[in-house]
Q: 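Shown below is the structure under consideration.
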Amino acid sequence: MSIFKSLMNTARRKSPWVFHANAGSCNGCDIEFLTCLTPRYDAEQLGIHHEGSPRHADIIVVSGPVTRTTCEALETVYGQVPDPKVVVALGSCPATCNVFAGSPTIVGPLDRVLPVDVYVPGCPPRPDAIIAGLAEAAAILAGDKPRPIHGAADRASSASDGQEA
Amino acid sequence: MSTLFTTIQLLVFPGLLYAFMAGFFMEWVQRKINARLQGRIGPPFYQPFFDFVKLLGKKPIERPPLQGFIMTALPAVSVVATLGAVAILPVLSADIGFPGDVILLVSLIEIGPLLAVLGGFASRSLWGGLGATREAVMTAAYNLPFLTALIALAWNSDLSISLLATTAPWHVRLLAMAAILLCLPAKLHLNPFSISSAEQEIYAGMTTEYDGPRLALWELAHALEWVALTGLFALLSVPLVGAADIWRVLVFIGVSLAVVVLLSVVAASTARLKLAQTARWFWLWGLLLAASALGLSLAGI
């Protein structure tokens with residue numbers, strides 16, 4: 001039984017598939033994210049695969065300060081990703097709303113909407129930092145690193161994550 | 001003896017064990033060559049296997065019971081059918097197949113695309129339906145030259161794979177094998193014919209709504225399609241009469257891998273065609289090759 005469990009954990013560490021959601025980003029982070037897949041950084045060496053469908057993904061990468069129009073779509077996409085899953089906040093916007101803080105059209109930061117597991121700060125972050133963040137997310141999937149404690153609203157979902165792992 | 005031999009054939013070579021290992025390996029070769037030709041390093045060799053294991057360990061999303069059943073059954077049947085196609089390839093010398101096994105082989109190979117079309121529609125997704133429609137049109141496009149070429153080869157033999165490659169004269173074989181090789185990238189959803197599974201263009205095509213273990217089964221079926229189609233090509237193109245088993249196995253694996261490398265290089269260096277261009281390509285150039293092979297075969301030249 002433990003052999004199967006360690007095989008599964010290795011597979012989760014080696015094969016993180018990423019879905020990228022833009023929640024009102026200025027496209028700076030999105031461009032840096034795509035740079036990770038190009039020959040210079042080549043994230044496929046770590047098994048990172050950019051998926052078009054959230055059903056296939058393990059990691060949801062969110063960029064942008066979560067505007068009012070994207071908030072509902074983000075929740076839908078989060079529900080479409082099968083468990084176990086990890087949320088990565090890409091850039092300063094989902095972490096703090098950055099220069100958009102206080103705007104009436106912003107719902108963010110992201111942790112008010114989704115349980116964020118990994119933050120990759122920067123405006124935009126360097127591709128090296130994004131790959132390091134994705135590797136950390138893969139470590140959380142594999143159980144190498146503990147999942148951060150989320151707020152009271154997310155406690156139910158993180159408890160159910162624990163049962164499946 | 002005969003039962004033992006058949007069991008080994010089904011479970012070890014060229015059946016279950018070989019088909020799984022070769023399928024994952026061929027997927028890796030394709031991804032690695034694609035990466036190297038793009039100037040990247042690419043995934044490590046265990047990548048397709050770990051992708052498969054990881055997908056098996058994911059918790060599928062709740063669906064209505066009937067839809068969930070259909071979406072699990074279709075890829076599962078596709079895996080079984082394609083595995084059957086690999087297992088009846090007559091690689092070893094003691095196995096001469098049986099009259100009509102080429103019909104069984106073709107029908108088992110064709111079950112995969114048929115179920116993929118059904119699976120795309122069964123997922124009730126716009127993108128799944130779009131991918132399924134494209135796959136259905138593609139099937140009509142590439143199967144015309146593919147089946148014509150097989151008929152040209154089979155005309156003078158009694159429809160058995162081991163006789164197919166040896167009885168037809170060499171010029172018929174040359175034309176027919178060229179037509180079959182032309183159809184392989186379309187059957188494997190590779191560039192320039194990656195229309196039905198067009199990544200990022202229609203998301204993931206037929207498999208858009210499939211998650212976790214269901215997606216893993218589709219991936220496995222696709223890996224097995226690699227083994228079945230390249231294996232069929234290897235058997236038909238390099239027939240070994242009276243050779244020892246070890247040579248038959250080595251040549252079978254070697255030619256299969258050479259075809260994988262060729263298809264991967266073509267896929268990495270071409271861009272995706274449109275659906276109408278693909279249909280025209282197969283019905284003109286593919287059919288030209290296959291029909292001339294059939295004409296020569298019928299005329300007995």
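Just so you know, these numbers use all the heavy atoms, side chains as well, and skip hydrogens, waters and symmetry mates. It should be emphasised that the depicted structure is a prediction, and the values quoted were computed from it without experimental measurement. Chain naming here is simple, since letters A, B, ... match the order of the sequence lines and numbering starts at 1 in each.
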Q: Measure the CZ-CD distance between B/Arg40 and A/Gln45 for me, rounded to the nearest 0.5 Å.
A: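 Output value for this atom pair is 9.0 Å.
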Q: Let me know if B/Ile41 has heavy atoms under 4.5 Å from chain A in its side chain, its backbone, both or neither.
A: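 For B/Ile41, heavy atoms of backbone and side chain both lie under 4.5 Å from chain A.
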Q: Could you state the interatomic distance from CG (A/Leu7) to CG (B/Leu56), rounded to the nearest 0.5 Å?
A: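 The CG atom of B/Leu56 is 10.0 Å from CG of A/Leu7, to the nearest 0.5 Å.
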Q: Looking at every non-hydrogen atom in both residues, tell me the closest pair between A/Glu44 and B/Pro44 and how far apart they are.
A: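 Taking every non-hydrogen atom into account, O-CD, 4.4 Å.
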Q: Between B/Lys58 and A/Pro82 (side chain of the first, backbone of the second, donor and acceptor by atom type, cut-off under 3.5 Å), is there such a pair?
A: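 Side chain of B/Lys58 to backbone of A/Pro82, a donor-acceptor pair under 3.5 Å: yes, one is there.
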Q: Relative to chain B, which of A/Pro54, A/Ser53, A/Gly79 shows the most heavy atom pairs under 4.5 Å?
A: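 Looking at each option in turn, the highest pair count goes to A/Ser53.
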Q: Based on non-hydrogen pairs under 4.5 Å, which of B/Gly42, B/Ala35, B/Gly39 is most in contact with chain A?
A: B/Gly42
Q: Could you check whether any side-chain heavy atom of A/His49 comes within less than 4.5 Å of a side-chain heavy atom of B/Arg31, counting everything from C-beta outward?
A: yes
Q: Please flag which part of A/Ala43 lies under 4.5 Å from any non-hydrogen atom of chain B: side chain, backbone, both or neither.
A: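 Neither part.
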Q: When you look at B/Thr207 and A/His56, which way does the side-chain contact (heavy atoms from CB on, under 4.5 Å) test go after all the steps?
A: CA-CA 9 Å; B/Thr207 58; A/His56 302 184; 3.7 Å; yes
Q: For A/Trp17 and B/Lys54: C-alpha separation, side-chain torsions, deciding distance, then whether side-chain contact (heavy atoms from CB on, under 4.5 Å) applies.
A: CA-CA 10 Å; A/Trp17 289 3; B/Lys54 176 210 70 176; 3.3 Å; yes
Q: For B/Gln38, is it the side chain, the backbone, both or neither that has a heavy atom under 4.5 Å from a heavy atom of chain A?
A: backbone
Q: Tell me, for A/Asn9 versus chain B, whether the close heavy atoms (under 4.5 Å) come from the side chain, the backbone, both or neither.
A: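 For A/Asn9, neither part sits under 4.5 Å from chain B.
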Q: Applying side-chain contact (heavy atoms from CB on, under 4.5 Å), run through A/Arg55 and B/Leu215 and close with a yes or a no.
A: CA-CA 9 Å; A/Arg55 301 270 191 220; B/Leu215 181 64; over 6 Å; no
Q: Among A/Lys14, A/Arg12, A/Met8, find the one that has a side-chain contact (heavy atoms from CB on, under 4.5 Å) with B/Val53.
A: A/Met8
Q: With a 3.5 Å cut-off and sequence neighbours excluded, list the donor-acceptor pairs that the side chains of residues 112-126 of chain B form with protein atoms.
A:
unit_1, atom_1, unit_2, atom_2, d
B/Ser123, OG, B/Gly120, O, 2.8
B/Ser125, OG, B/Trp127, N, 3.1
B/Ser125, OG, B/Gly128, N, 3.1

Q: Side chains of A/Ser15 and B/Gln47: closer than 4.5 Å at any heavy-atom pair?
A: yes
Q: Does atom CD of B/Gln277 have more than 12 heavy-atom neighbours, drawn from other residues, nucleotides or ligands, at distances under 6.0 Å?
A: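 It does: B/Gln277 CD has more than 12 such atoms within range.
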Q: Tell me, for B/Phe49 versus chain A, whether the close heavy atoms (under 4.5 Å) come from the side chain, the backbone, both or neither.
A: side chain
